[in-house]
Amino acid sequence: MGNYDALLVVSFGGPEKPDDVMPFLENVVRGRGIPRERLLEVEAHYQRFGGASPINQQCRDLIAAVEPTIDLPVYWGNRNWHPYLEDTLRRMASDGVRRAAAFVTAAYSSYSACRQYIDDIALARAAVEGAPEIVKLRHYFDHPGFVAAMADRTREALDRLPAGLRDSARLVFTAHSIPTSMAATAGPGGGAYEAQLRRAATLVTAEVSGGDEGGDGGGRAWDLVWQSRSGAPHIPWLEPDVCDHLLEVDAPAVVLVPIGFVSDHMEVVYDLDVEAAETARKIGLPLVRASTAGTHPRFVSMVGELLAEPEPVACAATCCPAPPRRRG
């Protein structure tokens, strides 16, 4: 498949037991000046679910599903928790891997969704003697495999609503909020994060509705909103927040579609399944949440299809720059 001798799955990482949670969070926010109070708040989210994030097991599940479909060994490295990228690259070098494709579990352009992964791969390679060359596969927000998987997940969610609400339910697509300064510089010309998310939402809605993908999504009403903000209050982030939006939405029912995520990790199961669900319950709004792509067969097959594509052009060093650090 292509000119690669391995596939490297690169993910964010997450704690797997209660004692991991705070060291993991401190790893994630190192150098960002996040208040301790915010870390304790987020730690409580993890401890509510036994101190373990679902993300690592979901990576294992994805790898187990992908491995039989491709003729390459599959490795796995995280940015923020075990198995760390540096350790994985050291094992790859020991195994004789010289050139690998990287599949990142983030589908969009931005500093946090793309550039940080590229930079962390470079740092890990620099720390490992004989590290393999790593080629990051392209963004896949508009790949037919991702779109088909999310359309199926959305249909499954619609089917969980009472029959009388399915046709009139509003689709509310959610993605991780980022600072507006980061959003403005995402991609080669800026604004790519929001534009790609809107494109993905349009494609999924069109497939669900049987409409024209080049139009507005086939006529079914939909919105794009944001979740999981973690920055200082004085720094502008993308809005509206999903819970604020639910308080204002004019719809008989809502399906939340976490289009910005590829697995049901902590920010999905807490921010949507706990906080957003509680908001909807308080106002009597029927709400269901679609699953993420996970190990959907079309998403799994997409990985092999990406490997077979022509090698992607590397991003320019100026693409998706780090946002300026502001003092609170």
Side-chain angles (χ1 to χ4, degrees), residues 9-17 20-21 24-25 28 42-66 76 78-81 103-108 112-113 140-141 143 145-161 171-177 197 200-201 204 208 224-230 241-243 246 254-281 287-303:
V9 173
V10 185
S11 196
F12 191 81
E16 300 202 74
K17 60 182 186 295
D20 291 346
V21 176
F24 161 75
L25 293 175
V28 172
V42 177
E43 181 190 29
H45 299 172
Y46 282 92
Q47 301 297 2
R48 179 181 180 132
F49 291 89
S53 167
I55 192 171
N56 278 356
Q57 186 56 48
Q58 288 159 2
C59 283
R60 295 184 186 102
D61 293 344
L62 179 62
I63 290 166
V66 168
W76 167 36
N78 290 326
R79 286 182 45 221
N80 297 295
W81 202 245
F103 175 80
V104 174
T105 60
Y108 302 91
S112 58
Y140 47 86
F141 64 92
H143 190 285
F146 179 61
V147 172
M150 290 307 299
D152 275 356
R153 300 305 197 203
T154 304
R155 292 188 197 98
E156 291 163 2
L158 283 164
D159 287 344
R160 297 200 303 272
L161 286 171
L171 304 183
V172 175
F173 292 88
T174 74
H176 203 301
S177 184
L197 283 158
V204 170
V208 169
L224 175 64
V225 302
W226 311 97
Q227 62 172 91
S228 312
R229 176 194 168 123
S230 60
D241 176 78
V242 58
C243 291
L246 292 176
V254 161
V255 174
L256 293 181
V257 185
I259 195 69
F261 304 85
V262 301
S263 65
D264 286 14
H265 56 76
M266 185 57 64
E267 288 169 316
V268 175
V269 299
Y270 185 83
D271 295 354
L272 299 185
D273 295 350
V274 176
E275 290 189 331
E278 177 63 12
T279 298
R281 186 194 65 77
L287 179 144
V288 294
R289 196 263 293 174
S291 296
T292 47
T295 56
H296 187 286
R298 285 294 288 115
F299 187 65
V300 170
S301 65
M302 178 196 78
V303 178

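Computed from heavy atoms alone, side chains included, the values below leave out hydrogens, waters and symmetry copies.
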Does [X] reach the side chain of [Y], with side-chain heavy atoms less than 4.5 Å apart?
X      : Y      : result
Val66  : Ile63  : no
Leu62  : Ser263 : no
Leu197 : Phe173 : no
Ile55  : Ser11  : yes
Pro54  : Met266 : yes
Asn78  : Asn56  : yes
Val255 : Leu171 : yes

Any residue meeting salt bridge (charged side-chain N to carboxylate O under 4.0 Å, His left out) with Asp273, in chain and number order, not counting sequence neighbours: Arg289
Holding to salt bridge (charged side-chain N to carboxylate O under 4.0 Å, His left out), I want the full list of residues that pass it with Asp241, two or more places apart in sequence or in another chain.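 Salt bridge (charged side-chain N to carboxylate O under 4.0 Å, His left out) check on Asp241 returns nothing, list empty.
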First locate atom [atom1] of [X], then atom [atom2] of [Y], and finally report the distance between them rounded to the nearest 0.5 Å.
X      : Y      : atom1 : atom2 : answer
Phe103 : Met302 : CZ    : CE    : 4.0 Å
Gln57  : Asp264 : CD    : CG    : 13.0 Å
Ile259 : Tyr108 : CD1   : OH    : 4.5 Å
Leu272 : Thr174 : CG    : OG1   : 4.5 Å

I need the minimum non-hydrogen distance between [X] and [Y], along with the two atoms involved.
X      : Y      : result
Ala290 : Pro258 : O-CD, 3.3 Å
Gly14  : Trp81  : O-CD1, 3.2 Å
Ala175 : Gly260 : CB-CA, 3.9 Å
Val288 : Ala157 : CG2-O, 3.3 Å
Ala106 : Ala113 : CB-O, 3.4 Å
Val208 : Ala151 : CG2-O, 3.7 Å

Just do the side chain to side chain contact (heavy atoms under 4.5 Å, CB included) check on Val262 and Thr292 with the steps written out, would you? CA-CA 5 Å; Val262 301; Thr292 47; 5.7 Å; no
Run the ring-ring contact (aromatic ring centres under 6.0 Å, His included) test against Phe146 and tell me which residues pass, sequence neighbours left out. none
Set of ring-ring contact (aromatic ring centres under 6.0 Å, His included) partners for His265, sequence neighbours left out: Phe261
Name all pairs fulfilling the salt bridge (Lys or Arg N to Asp or Glu O under 4.0 Å) condition that reach into residues 43-54, sequence neighbours left out, sorted by first residue then second.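 Passing the test, one end in residues 43-54: no pairs.
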With sequence neighbours left out, what residues match [X] under side-chain hydrogen bond (donor to acceptor under 3.5 Å, both in side chains)?
X      : result
Ser291 : none
Arg153 : none
His143 : Glu305
Arg281 : Glu278

Who pairs with [X] by side-chain contact (heavy atoms from CB on, under 4.5 Å), at least two apart in sequence or on another chain?
X      : value
Asp271 : Gln227, Ser228, Glu267, Glu275
Ala52  : none
Asn80  : Phe12, Phe24, Val28

